[in-house]
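A, B, ... follow the sequence lines: proteins, then strands. Residue 1 opens every chain.
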Number of protein chains: 2
Amino acid sequence: MVDQVRRFNRVVTQHVGALNERYLARSHSLGEARVLWEIGAEGCDMRSLRVRLGLDSGYLSRLLGTLASAGLIAAGTSERDRRIRTVRLTRSGLAERGILDERSDVLAHALLEQLSDEQRVRLCAAMGEVERLITAAGVAVGISDPAHPEARQCIRAYFAELNRRFDAGFDPSVSISAEDDELAPPAGVLVLARLRGRTVGCGALKFHGDGRADVKRMWVAETARGLGVGRRILADLERRAAVAGAWTLCLETNRTLVEAIGLYRSAGYREVARFSNEPYAHHWFEKHLVGTPPSTS
Amino acid sequence: MVDQVRRFNRVVTQHVGALNERYLARSHSLGEARVLWEIGAEGCDMRSLRVRLGLDSGYLSRLLGTLASAGLIAAGTSERDRRIRTVRLTRSGLAERGILDERSDVLAHALLEQLSDEQRVRLCAAMGEVERLITAAGVAVGISDPAHPEARQCIRAYFAELNRRFDAGFDPSVSISAEDDELAPPAGVLVLARLRGRTVGCGALKFHGDGRADVKRMWVAETARGLGVGRRILADLERRAAVAGAWTLCLETNRTLVEAIGLYRSAGYREVARFSNEPYAHHWFEKHLVGTPPSTS
DNA sequence: TCCATTCTCTGACTCTAGTCAGAGATATTC
DNA sequence: GAATATCTCTGACTAGAGTCAGAGAATGGA
């Protein structure tokens with residue numbers, strides 16, 4: 001398997017990587033082209049640009065300077081925070097970006113047209129699979145303070161989705177509580193799943209102290225579904241539960257959350273009789289952990 | 001499809017490409033690491049190194065200089081041609097190369113271990129598919145002079161394989177002739193398939209002048225099988241035949257060449273009665289081309 | 001209000017990658 | 001044997017990519 005990955009890396013970097021970037025950049029430097037592309041049609045602030053591209057602030061400043069003096073971008077100042085500068089593409093910047101776009105198409109075409117129809121279909125399917133799985137491998141699950149803005153936003157998105165999907169909407173104050181202090185050690189734990197800096201899911205535990213813990217706040221952002229993020233969050237929670245000495249996990253869920261129910265079933269959760277009076281729940285599940293907890297990787 | 005390819009390129013270059021090379025190089029510059037790797041365990045001459053890596057001779061000379069002064073490689077002079085310099089890895093050069101090797105393994109592991117067993121299997125399968133198809137797309141089929149060393153070597157390899165596979169060996173002088181002048185315009189045509197500078201297959205036409213042409217010298221190197229090279233060569237020959245006004249293609253083949261027979265059948269060749277007295281043949285095929293020849297891409 | 005922090009910008013660097021022209025040694029061809 | 005070609009090496013460049021330190025403006029918290 002390792003060999004396969006290495007062979008793949010080799011072939012792909014030679015045929016797609018270097019070639020690609022060099023070719024696309026052509027009239028600009030590589031850095032300029034990357035920035036031009038990353039700014040996007042709607043513009044963005046310099047800070048997020050720096051984070052997304054992982055550039056030094058001085059370097060980025062200079063890159064933007066040359067792009068601005070070439071008339072491709074217009075810089076401005078954020079209204080909310082006047083330290084932050086915003087950039088957007090000018091008309092000619094958009095045109096330039098269109099050219100990059102087109103070149104990218106040409107390059108993709110050049111690859112595809114060497115193949116038969118059947119090979120093309122197979123290539124695209126395999127590329128989709130590789131892309132999805134590499135993205136999945138980029139997801140990192142880690143503990144977070146429930147009060148952190150990131151965590152707050154994630155929980156908010158979770159509530160918003162529940163409100164959208166539940167037949168009668170969702171009001172957290174009616175539901176069983178899971179406040180900040182209940183989801184922070186030692187009472188509980190909150191984990192977030194991150195993908196390239198963006199939060200794409202969460203999950204939490206509430207320890208009961210009697211060897212039992214509730215699984216709460218299980219959620220995956222729509223953009224990250226199908227990557228196995230939910231399964232990873234759940235596995236992470238189970239590991240943490242076992243470490244904390246909670247060998248029985250309990251959870252309740254609403255009948256409209258079919259993916260979640262599927263996940264719980266396939267992860268070994270057994271449906272049990274109602275054990276709480278959560279007003280939004282239709283199903284109650286339980287799982288007894290066994291064996292020693294695997295080490296945290 | 002184009003979008004799929006572009007998304008793939010994006011994800012892969014970000015996650016595999018840049019990261020990979022930078023990480024692997026670490027203690028050396030990227031160029032040095034590439035050279036160190038490409039020299040290989042047996043050493044090679046500087047010229048082929050230059051061609052394979054596509055480097056300027058001055059630049060390569062300097063890279064080798066630094067590697068030599070670091071004691072990683074030893075330079076020498078070719079015995080056959082004293083202009084040509086050879087390089088080989090020293091003991092510590094081999095060790096250094098081993099480190100690069102190991103890092104590559106570590107990197108591959110890091111990717112795999114983020115995934116579940118099932119995902120891992122799927123990723124490897126998809127990577128294999130992408131790798132194979134991208135390699136296949138890199139194959140270029142083009143016309144060649146039969147007297148060119150490359151063509152000669154290819155035909156020689158073809159004969160060697162026939163000799164290995166035919167029950168009673170193969171002696172070209174007994175077989176129906178296909179000499180240089182018969183395979184060069186206007187009497188015929190020889191095409192070679194090339195993959196990254198290496199010849200990986202051939203095929204030829206012998207025009208009869210009555211709207212018929214023989215397909216000869218169909219061969220694909222073992223290292224390049226399963227990439228659809230044979231099919232591409234055949235399609236290329238058919239295009240050339242049609243352009244030259246030969247609308248019926250004929251060929252004979254030996255019963256041991258099962259892949260070739262499969263290819264002919266699936267490409268629309270119909271088995272017909274013996275039409276030649278080729279001593280090594282067991283099967284005779286024919287195909288009538290229809291429609292206008294597609295443009296040469 | 002003051003102090004620490006955040007954000008961008010500027011100057012001064014380093015290192016890599018790569019190009020170009022030409023010199024000198026060696027082969028090949030006529 | 002002379003002319004031409006091939007191969008490597010050296011010197012002199014350029015441009016890109018990126019780092020580091022610090023200045024100045026703006027903001028947020030005690």
Novice: Using a strict heavy-atom distance below 4.0 Å, which residues from residues 72-79 of chain B are in contact with DNA chain D?
Specialist: none

Novice: Go through the steps for B:Asp45 and B:Arg47 under the test salt bridge (Lys or Arg N to Asp or Glu O under 4.0 Å), then give the verdict.
Specialist: CA-CA 5 Å; B:Asp45 58 287; B:Arg47 181 159 200 291; over 6 Å; no

Novice: Could you tell me whether the phosphate oxygens of C:dT8, OP1 or OP2, come under 4.0 Å of any side-chain nitrogen or oxygen in A:Arg82?
Specialist: no

Novice: Between A:Glu32 (CD) and D:dA17 (C1'), how many Å, whole number?
Specialist: 12 Å

Novice: May I have the distance from B:Arg85 (atom CZ) to C:dG24 (atom C1'), rounded to whole angstrom?
Specialist: 14 Å

Novice: To the nearest Å, how far apart are A:Leu60 CG and D:dA17 P?
Specialist: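 Rounded to the whole Å, the gap is 13 Å.
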
Novice: Going through the distances and angles, do B:Leu227 and B:Arg132 end up as a side-chain contact (heavy atoms from CB on, under 4.5 Å)?
Specialist: CA-CA 7 Å; B:Leu227 298 177; B:Arg132 234 178 355 262; 3.7 Å; yes

Novice: Rounded to the nearest Å, what distance is computed from the CZ atom of residue A:Arg83 to the C1' atom of nucleotide C:dT5?
Specialist: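 Interatomic distance, CZ of A:Arg83 to C1' of C:dT5: 7 Å.
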
Novice: Taking all non-hydrogen atoms of both residues, which atom of B:Leu190 and which atom of B:Ala151 are closest, and how far apart?
Specialist: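 So the two residues come closest at CD2-CB, 3.7 Å.
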
Novice: Compare side-chain N and O positions of B:Ser29 against OP1 and OP2 of C:dA17 and report whether any pair is under 4.0 Å apart.
Specialist: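 Yes, such a contact exists.
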
Novice: N/O contacts under 3.5 Å, protein versus nucleotides 10-14 of chain D?
Specialist:
residue : atom : partner : partner atom : Å
D:dG11  : N7   : B:Arg62 : NH1          : 3.2
D:dG11  : O6   : B:Arg62 : NH2          : 2.8

Novice: For B:Thr90 versus B:Ala74, what's the shortest heavy-atom pair and its separation?
Specialist: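 Distance-wise, the nearest heavy atoms are CG2-N, 3.8 Å.
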
Novice: Under 4.0 Å from OP1 or OP2 of C:dC7: is there any side-chain N or O of A:Arg47 that close?
Specialist: yes

Novice: Dump the intermediate steps for side-chain contact (heavy atoms from CB on, under 4.5 Å) on A:Leu183 and A:Arg217, then the final yes or no.
Specialist: CA-CA 10 Å; A:Leu183 301 187; A:Arg217 306 289 187 247; 4.2 Å; yes

Novice: B:Leu53 and B:Arg34: which non-hydrogen atoms are nearest, and at how many Å?
Specialist: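 Here B:Leu53 and B:Arg34 meet closest at O-NH2, 3.9 Å.
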
Novice: Give the minimum heavy-atom separation between B:Val2 and A:Ala108, together with the two atoms involved.
Specialist: CG1-CB, 3.8 Å

Novice: How many whole angstroms separate atom CE of B:Met46 from atom C1' of D:dT6?
Specialist: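 Answer to the nearest Å: 13 Å.
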
Novice: Assuming nearest nucleotide by heavy-atom distance, tell me which of A:Gly54 and A:Arg80 is located more 5' along DNA chain D.
Specialist: A:Gly54

Novice: Check this for me, if you would: do B:Asp180 and B:Arg152 make a salt bridge, where the nitrogen-to-carboxylate-oxygen distance has to be below 4.0 angstrom?
Specialist: yes

Novice: Should A:Asp236 and A:Arg240 count as an ion pair when the cut-off is N to O under 4.0 Å?
Specialist: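 Here A:Asp236 pairs with A:Arg240 in a salt bridge, since their nearest N and O are under 4.0 Å apart.
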
Novice: In whole Å, I'd like the distance from the CG atom of A:Asp45 to the C1' atom of C:dT6.
Specialist: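 Computing the A:Asp45:CG to C:dT6:C1' distance gives 13 Å.
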
Novice: Rounding to an integer number of Å, can you tell me how far A:Leu67 CG sits from D:dG16 P?
Specialist: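 Rounded to whole Å, this separation is 12 Å.
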
Novice: Separation of A:Ile84 atom CD1 from D:dA25 atom P, in whole Å?
Specialist: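 The answer, rounded to whole Å, is 18 Å.
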
